[in-house]
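Keep in mind that what you see is a predicted model, and the values were worked out from it rather than measured. Letters A, B, ... mirror the listed sequences (proteins, then strands); counts begin at 1. Only this structure's heavy atoms are used, side chains among them; waters, hydrogens and symmetry mates stay out.
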There are 2 protein chains.
Amino acid sequence: MPTDKKIETSISDAHRSTPPRAAEKILGVARDLFYRQGIRAIGVDEIVKRAGVTKPSLYRSFPSKDELAASYLRQYDLEFWERFNEAVDAHPGDPRAQIIAFLTRVGKRTQRPEYRGCGMTNAAVEYPERDHPARIVSEANKQELRRRLRAMASAMGAANSDTLGDGLLLLIEGAYISGQLFGEGGPAASVARNADLLIAASLA
Amino acid sequence: MPTDKKIETSISDAHRSTPPRAAEKILGVARDLFYRQGIRAIGVDEIVKRAGVTKPSLYRSFPSKDELAASYLRQYDLEFWERFNEAVDAHPGDPRAQIIAFLTRVGKRTQRPEYRGCGMTNAAVEYPERDHPARIVSEANKQELRRRLRAMASAMGAANSDTLGDGLLLLIEGAYISGQLFGEGGPAASVARNADLLIAASLA
DNA sequence: GACCATACGTACCGATCGGTAACATTGTCA
DNA sequence: TGACAATGTTACCGATCGGTACGTATGGTC
């Protein structure tokens with residue numbers, strides 16, 4: 001039986017068919033638990049248990065729990081910008097439509113029962129210390145988001161583009177929080193409508 | 001010396017000059033630490049140490065840490081509505097001015113270096129479980145805030161008053177979060193301006 | 001088969017978590 | 001003075017926290 005699947009085709013990851021399989025399983029489980037329950041609420045023991053690995057495996061791939069949390073957020077960052085750029089790419093040259101498209105999707109996501117807010121925002125709340133690995137990733141993400149929103153507001157031709165960009169950021173953060181606070185039927189459902197109103201007022 | 005201050009005027013708290021002094025000290029310290037560092041980040045040992053009391057004293061006044069956290073939030077709730085109603089009372093019959101007055105103060109508070117967001121919001125992020133004592137207090141506070149904002153939007157004569165009320169809530173929550181994420185010079189500084197724009201657009 | 005790196009598992013560490021039992025001390029009031 | 005209620009003291013509980021020392025499989029290379 002073990003001699004069966006020995007067809008080692010010359011795939012890119014030639015000389016490692018299974019090796020760092022543990023790290024990926026760990027990060028996958030950590031991502032899920034950290035997001036749903038919170039980082040502080042989850043111990044490393046539960047992560048390794050659910051991942052089907054042992055604790056030393058975790059600490060061979062990640063120097064500490066804090067760094068594991070930072071890795072989770074770095075992955076979250078990638079997926080966030082994927083979603084963001086998807087909305088941007090759907091409306092080339094039309095920043096207003098880009099924002100509305102993004103916020104429409106945000107509004108929908110916040111109404112899902114399993115929605116638990118923005119992983120970045122939540123991590124920043126959990127770790128107020130400025131030098132915490134998780135918070136550093138979170139702050140960088142938010143700084144970049146602010147920069148892009150302001151740039152888009154400027155591209156829209158808003159007179160006070162920085163104010164509009166910041167206003168959009170406030171609405172977005174408000175939607176993240178309200179989504180997990182109120183659940184279905186909460187204020188986050190109206191984020192796109194309110195953003196559209198705010199944009200209209202800022203362009204007048 | 002002890003015979004000196006024995007002037008027990010018939011004040012309301014007549015027959016207890018010192019008795020439940022421990023509970024108040026504990027709650028005061030807990031309030032400070034919970035707000036600044038987060039509830040999960042602070043252990044009961046540190047609370048009693050800083051309060052100058054012992055652990056049994058804490059558990060004589062509070063059935064559990066979770067209930068202590070809930071008590072902290074109930075006090076926070078009182079102070080919140082004090083601030084809110086202060087802005088309301090300053091502009092009788094003018095809901096728009098009331099909102100702007102409140103948000104102007106929020107915007108200023110969020111720029112202070114020690115600002116750490118809304119204790120209610122933070123607690124809800126820390127405790128996603130719906131039946132947690134702290135979260136129950138937090139959710140009730142937010143529900144009431146939403147109700148009042150919608151009522152004020154209606155009083156302003158907004159066509160779609162629920163949408164405007166929710167939009168204002170999104171801006172407020174966004175300011176709370178952005179205040180602790182960006183610190184001074186962050187997006188929260190513009191919350192009043194953006195709210196005013198949104199109101200104007202909603203009344204048009 | 002000898003070798004060697006890599007990944008994994010068992011068992012354990014000290015510290016801290018929230019919470020409690022049992023008893024001594026204090027101050028206030030009747 | 002004597003009773004009562006609140007607080008303090010000391011010592012402890014089992015559970016869990018993040019993290020690690022150390023020996024054991026495993027799989028590819030010569």
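Looking at which nucleotide of DNA chain D each of A:Glu46 and B:Ser61 is closest to, the 5′-most match is held by B:Ser61.
Close to C:dC8, at under 4.0 Å from its OP1 or OP2, lies no side-chain N or O of A:Thr54.
Here B:Arg109 does not pair with B:Glu114 in a salt bridge; the nearest charged N to carboxylate O distance is not below 4.0 Å.
Computed from coordinates, the B:Ile26 CD1 to D:dA6 C1' distance equals 12 Å when rounded to whole Å. Per the geometry, CG belonging to A:Leu58 stands 12 Å off P belonging to C:dG9, to the nearest Å.
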Nucleotide N/O to protein N/O under 3.5 Å, stretch nucleotides 18-22 of chain C:
residue	atom	partner	partner atom	Å
C:dG18	OP1	B:Lys65	NZ	2.8
C:dG18	OP2	B:Val44	N	2.9
C:dG19	OP2	B:Tyr59	OH	2.6
C:dG19	OP2	B:Lys65	N	2.8
C:dG19	O5'	B:Tyr59	OH	3.4
C:dG19	N7	B:Lys55	NZ	3.0
C:dG19	O6	B:Lys55	NZ	2.3

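Put simply, the side chain of A:Asn122 reaches to within 4.5 Å of the side chain of A:Gln180, judged on heavy atoms.
Applying the salt bridge (Lys or Arg N to Asp or Glu O under 4.0 Å) test to B:Glu129 and every residue at least two apart in sequence or in another chain returns nothing.
Cation-pi check for A:Arg83 over A:Phe102 is not met; the charged atom does not lie both under 6.0 angstrom from the ring centroid and within 45 degrees of its normal.
Judged by distance alone, with hydrogens and angles left aside, the side-chain atoms of A:Lys65 form a donor-acceptor pair with the main-chain N or O of A:Ile42 at under 3.5 Å.
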Open item on the list: Please evaluate residues A:Leu170 and B:Ile177 with respect to the criterion side chain to side chain contact (heavy atoms under 4.5 Å, CB included), reporting the C-alpha separation (whole Å), side-chain torsions for both, the decisive distance (0.1 Å), and the verdict.
Closed with: CA-CA 8 Å; A:Leu170 295 183; B:Ile177 289 292; over 6 Å; no
